[in-house]
Amino acid sequence: QAIASKSTGSSILVSTRQKGNPILTNLRSFAWEYSDILADYVLGLTTCALFLSLKYHRLHPEYIYNRIKGLQGKFNLRILLTMVDITNHEESLKELSKSSMINNVTVILCWSAAEAARYLELYKSFEHAKPSAIRGSESKGYAEKMVEFITIPRSINKTDAVSLVSAFGSIKNAVNARPEEIAIVGGWGEKKVRKWCTVVDEPFRARK
Amino acid sequence: MSSSNGDAQPVKLSLPLKYQQELFQELRQKDELVIIASGLGLPRIVTNLLHSYDAAGNNLILLVGADDRENGWIGEALAEHAAISMSPRARGLSVVNTDMMSVGTREKLYAQGGIFSITSRILVVDLLTNLLNPETITGMIVLHADKVVATSLEAFILRIYRQKNKNGFLKAFSDAPEPFTTGFAPLTSMMRNLFLRQVALWPRFQVSVAHSLEGKKKAEVIELEIPMSNSMQDIQRAILECVEVSISELKKSNTGLEMGDWNVDGALHKQFDMIVRRQLDPVWHRLSWKTKQIVHDLTVLRSMLRHLVTYDAVSFNKHLDTILAAHSPPPGSTKQNQSPWLFLDAAHTIFDTAKRRVYTGKATKNASQDIDSLKPVLEEQPKWAVLAEVMDEIDRDLYFSPQLRDDSNGTILIMCSDTGQCRQLREYLQNMNVHPEEGVIDVEKEKEESDDTDEKEPSAAFMMRRKLREYLQWKEEFKLISAALFAETQNAQNGNNTGVKGGPGSFRGKAPPNKRRRVRGGGSVGVAPTRGTHGNVLAAEDKPSEVASLLSDIQPTEVEATMKDEIVADPLEDMEDYYQLYDTKDLVVIHAFDGDMDEHILEEVKPKYIIMYEPDVAFVRRIEVYRSSHNDRNVRVYFLSYKDSVEEQRYLSSVRREKDAFTKLIKEKSSMALTITTDAHGIEDPQEAFLRTINTRIAGGGRLAATAQPPRVVVDVREFRSSLPSLLHGRNLIIVPCMLTVGDYILSPSICIERKSIKDLISSFKDGRLYNQAETMFQHYKSPMLLIEFDQNKSFTLEPFADLSGSLSSTSSTPNASSDLQSKLVLLTLAFPNLRIIWSSSPYQTAEIFESLKTQEPEPDPIAAVRIGLDGEEREGDQVFNREPQDMLRVVPGVTGTNVGRLVRGAGSLKEVANAEVEELEPMIGREAGRKVWAFFNKSVVE
């Protein structure tokens with residue numbers, strides 16, 4: 001059978017093996033259709049997913065390896081969508097971690113059918129997405145950035161940030177302020193003052 | 001008071017009390033865990049013990065778990081002891097912490113021997129790399145034993161130590177009994193972590209302690225209970241109501257957690273935040289936004305409770321203003337995601353009453369022409385007057401009963417909770433005799449006329465008026481500042497609510513001059529703190545004209561004008577010219593409670609009178625110890641506390657908690673099963689070692705020698721903050737600590753692992769760190785892996801508690817925090833299809849997974865692992881970074897994951913970056929980014 005010929009469409013391809021899986025009832029925001037495919041789900045040209053319930057895995061440990069073998073090395077990203085539905089999952093997960101390295105599959109855990117469905121939807125909807133969302137630097141206003149900047153040292157909170165900057169006018173002045181000057185700002189106790197002063201003054205790199 | 005040890009070297013001890021000597025002798029004889037009530041002089045015992053070893057010389061003793069101040073304290077005390085007993089072999093304390101010493105210096109130091117206090121993270125690495133051979137250690141002393149939990153670094157250190165060294169001594173100390181009482185058989189498990197068999201409990205009610213302290217030389221104590229003013233009571237009641245509501249809200253939204261301690265009484269306890277956090281921590285990543293908000297609110301509310309009794313009325317009001325501004329709703333927010341307590345009537349009471357303590361416009365309501373004028377009220381803290389009275393009494397006492405023959409100075413020591421409080425009291429005492437209304441009377445003269453009949457009551461009017469002036473000035477500025485800061489917020493809100501920009505909805509900040517308060521629903525004018533559209537409390541605006549009249553009302557009178565300005569920071573230049581030493585006899589010393597350091601204060605100041613402005617259990621004991629230790633010093637103690645206040649309750653409950661804890665400990669001790677395993681894991685199980693050499697997987701036993709060497713893992717030194725290295729070590733893997741640039745754990749030449757806890761994962765997705773890390777791992781390793789590690793006992797799931805139905809099914813709707821995490825995970829795997837993800841429910845589990853991943857893989861090469869990822873110019877060891885300043889730098893606009901390295905190398909510290917001009921930044925990060933960085937630091941919010 002030819003694989004992936006139809007997988008260019010906008011719907012998730014589902015193997016007929018998955019009939020009756022509660023995930024399917026939770027797949028609501030994407031169209032899906034049964035199709036004759038090697039994997040359980042085809043989520044894009046190069047992405048596919050196998051579904052595994054740990055409960056099943058404990059009864060039939062060889063099943064998943066046959067399925068992975070059945071993929072015949074196709075697909076670039078091969079998700080092993082694993083449903084954690086038993087409490088003593090440690091042993092099985094350890095084994096899966098080991099075999100994911102050997103068999104080149106990526107393990108994604110989920111704890112409910114709804115979550116599993118959400119993962120499938122996410123994979124499909126991000127099929128062509130750029131990873132910019134995880135590359136950092138979201139743009140924010142000055143106030144938010146300022147608060148974020150000042151509150152990074154532990155124990156300093158939002159109120160302190162606002163009172164500090166309003167007392168000194170700018171972050172630069174606050175950075176250059178002497179401990180005694182900061183101590184009279186409302187809410188700035190000794191501990192916070194000391195923390196702040198060491199953080200702004202200590203070298204980025206501890207010299208050897 | 002000298003005892004001699006086996007070395008025949010006389011050692012002078014400074015342990016005047018009987019129980020201290022008993023404890024010392026006991027400690028010399030055997031290894032044990034000492035849990036002692038706080039304030040009973042733990043540091044003194046430790047230093048004496050250390051000194052007795054120090055004087056003997058020729059040893060290597062490690063002090064574990066001491067913080068910086070304790071290091072300083074102990075070092076000083078040891079030097080002092082050495083000088084007194086003139087022991088030639090004493091060397092004092094050497095401190096080893098991050099920044100100072102290179103590997104070479106450390107090695108030399110260790111070889112010399114002596115007493116060392118070493119930061120745990122460094123010590124672990126040195127022990128593992130055998131820089132410090134555990135067999136050469138004479139003994140270890142562990143401070144803060146309550147923090148040694150199974151997964152802690154200290155426990156790891158002790159295990160390495162006990163594994164290799166069975167003869168050295170080991171003594172552990174703690175002055176906090178409470179942590180030993182939570183959980184199942186906590187004392188027993190703690191003892192196991194400490195590899196100790198015996199525990200000694202020294203509560204205050206222990207017979208010999210009580211006997212030592214309650215002899216005939218008791219201190220004279222005068223307790224003064226001061227009622228709070230009505231408005232203070234109102235505020236306190238209102239805050240407590242807010243706390244109660246917040247707690248019940250918290251309980252409601254998080255069923256299924258153990259919340260026995262979550263009540264208002266518990267909320268008064270010092271560590272309540274920590275207790276709540278610890279309980280919620282396992283599920284922290286699954287909590288709804290609201291719950292997190294409430295936990296945060298509780299901290300704020302609790303700090304308000306404290307500030308109510310410590311701050312003066314004006315400062316308190318100012319503090320509330322700031323809190324309100326900081327809690328302004330974020331743009332586009334709805335009622336759901338704001339602090340719930342702000343919606344309560346009680347919150348209204350808090351802000352309203354706090355304001356009325358400062359000034360009021362209501363008093364003259366019936367006179368119609370006066371309706372808008374504000375009058376300063378300036379309520380004084382009730383304790384102030386009492387303090388003045390006490391001081392007066394002491395003066396009289398000193399005058400009438402001339403110097404008794406004793407050793408103490410005539411000094412008056414006033415103890416209070418923090419330095420801010422110190423400042424306030426100092427100012428009050430300085431100015432309490434200045435009366436602004438009098439106008440012409442000279443201050444000095446007034447003092448001379450002190451026995452006049454029309455003597456003025458001391459008052460804080462002068463101070464308060466000055467504060468109010470400052471406050472009003474500040475408020476003007478603050479309006480502008482918060483307007484500037486939260487302009488976006490307001491615009492967004494106005495857009496949402498009224499559609500008219502800058503219309504009546506400009507909540508705080510610049511109100512239109514003639515529109516005094518927000519008019520809602522057709523013109524009813526609200527009273528001070530008004531309610532906003534969402535019904536929460538909003539800062540009230542006063543008419544500029546009113547403020548002006550108020551200002552004129554409190555214009556400095558002549559007397560006030562003659563007084564000097566408050567000096568905040570004195571650079572201490574020209575010190576010799578202006579300063580001279582005062583005779584200690586006439587000093588009034590104001591000091592803040594400072595833990596164990598207070599002992600020093602008492603010894604140095606030798607006060608005759610002590611005023612405890614706030615109650616503190618440990619300090620009471622310190623006075624007892626001080627008094628009992630000195631035959632010839634009389635002490636009179638005044639003990640001030642607000643009646644029926646949170647302060648009083650907190651004091652009483654802390655006494656009770658400590659007592660309960662000790663009682664529990666005594667009970668457990670009596671029925672404790674002895675732990676026999678002094679040796680940690682003993683020597684490696686020979687059977688295991690044998691089995692490893694024969695790998696059964698290789699049919700026919702092909703390559704027998706392949707796995708003959710013990711398995712090892714290269715671990716980044718920064719990872720020693722987590723418990724995983726300790727657990728790996730526990731599983732008989734050899735840990736090679738190295739400075740790694742790429743990855744956290746190297747299991748084999750091809751396997752490189754980046755470990756992320758859920759919290760790390762979220763934050764490193766946010767700032768893009770993980771993406772970069774994955775990129776570099778792929779450049780250098782064949783099988784990079786991301787380890788997502790959940791905490792022990794934390795729930796092993798990503799889903800939030802409730803609200804699953806709404807956002808999960810549709811990807812388009814606004815994602816909540818955790819489903820966002822899932823989508824980021826998806827993006828990551830799409831970007832790096834070959835990145836393996838390992839899910840581990842706990843560090844224990846991780847250790848097992850590592851072991852299984854390593855089988856059949858060749859061992860990693862530490863030297864190669866260290867070299868990977870280093871730039872040509874960098875050398876190894878160049879890589880010790882301070883985390884926090886760098887994290888802060890990453891937040892600055894213009895700084896990205898790629899240029900942060902150059903900035904860090906180019907500039908020394910945050911201060912340098914903040915002060916750099918665009919031209920200086922340009923060569924490091926380029927013009928555009930440089931300008932952004934400069935603008936961020938230099939943006940003025942005052943304009």
Side-chain angles (χ1 to χ4, degrees), chain A residues 26 28-29 76-77 90 93-94 97-98 100-101 106-107 109 111 114-115 118-119 121-123 125-126 129 131 133-137 141-143 145 148-149 152-153 158-159 162-163 165-166 169-172 175 178 180-181 183-184 186-187 189-190 199-208, chain B residues 98-99 102 315 318-319 322-323 325-326 418-419 478 481 485-486 488 568-569 765 767-768 771 783 797 799 808-811 823-824 826-831 833 836-839 845 848-849 852-853 877 880-882 884-888 891 893 904 908-911 914 937-938 940-942:
Chain A
N26 283 295
R28 293 203 196 91
S29 58
N76 193 10
L77 174 58
E90 287 83 4
L93 286 181
K94 186 171 97 183
S97 304
K98 174 84 179 165
S100 79
M101 183 180 80
T106 302
V107 180
L109 297 193
W111 284 265
E115 199 186 1
R118 177 162 161 79
Y119 271 119
E121 288 169 358
L122 282 170
Y123 273 109
S125 64
F126 288 146
I134 54 169
R135 298 190 69 169
S137 66
Y142 172 78
K145 277 281 182 192
E148 198 185 340
F149 177 78
I152 281 181
K158 210 172 155 188
T159 312
V162 173
S163 62
V165 170
S166 58
S170 75
I171 300 180
K172 182 179 169 178
V175 167
R178 300 155 54 91
E180 297 91 339
E181 292 169 331
I184 55 164
E190 240 170 305
V199 158
V200 296
D201 217 14
E202 77 184 338
F204 292 127
R205 293 187 292 171
R207 293 199 184 84
K208 282 223 154 187
Chain B
T98 348
D99 341 19
S102 71
S315 306
K318 183 171 162 182
H319 188 64
T322 328
I323 290 179
D418 58 15
T419 42
F478 188 70
I481 291 167
L485 274 181
F486 300 102
E488 305 132 65
V568 171
F765 267 133
D767 61 12
Y771 188 89
S783 337
T797 162
E799 283 171 55
L808 268 182
S809 51
S810 62
T811 43
S823 68
K824 282 176 171 165
V826 166
L827 277 174
L828 184 75
T829 49
L830 281 169
R836 298 289 154 258
I837 299 180
I838 302 172
W839 303 73
Q845 165 84 6
E848 276 187 42
I849 293 177
S852 88
L853 285 176
V880 203
F881 291 123
N882 285 324
E884 271 178 350
Q886 282 206 51
D887 285 349
M888 288 171 78
V891 178
V904 161
S909 67
L910 267 184
K911 203 173 244 179
F937 281 109
N938 286 274
S940 173
V941 288
V942 194

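Every chain is numbered from 1 and lettered A, B, ... according to where its sequence line falls, protein lines coming before strand lines.
Both the backbone and the side chain of B/T322 have a heavy atom closer than 4.5 Å to some heavy atom of chain A. In this structure, chain A has heavy atoms under 4.5 Å from both the backbone and the side chain of B/E848.
If you tally non-hydrogen atom pairs under 4.5 Å between each of B/I849, B/L828, B/I838 and chain A, the highest count goes to B/I849. Of the residues considered (A/I171, A/D201, A/T106, A/L109), A/L109 shows the highest number of contacts with chain B, using heavy-atom pairs under 4.5 Å. Options B/A914, B/A831, B/S852, B/S315 differ in how many heavy-atom pairs under 4.5 Å they form with chain A, and the most are formed by B/S852.
With rounding to the nearest 0.5 Å, the separation of CZ in B/R836 from OG1 in B/T829 is 10.5 Å.
Residues satisfying the side chain to side chain donor-acceptor pair (under 3.5 Å) test with A/Y119, not counting sequence neighbours, are none. Legend: residues meeting ring pair (Phe, Tyr, Trp, His ring centres under 6.0 Å) with B/F937, ordered by chain and number and at least two apart, are A/F149.
Not one N or O on the side chain of B/Q845 forms a donor-acceptor pair closer than 3.5 Å with the backbone of B/W839. With hydrogens and angles ignored, the 3.5 Å screen pairs no side-chain donor or acceptor of B/K824 with any backbone N or O of B/F765.
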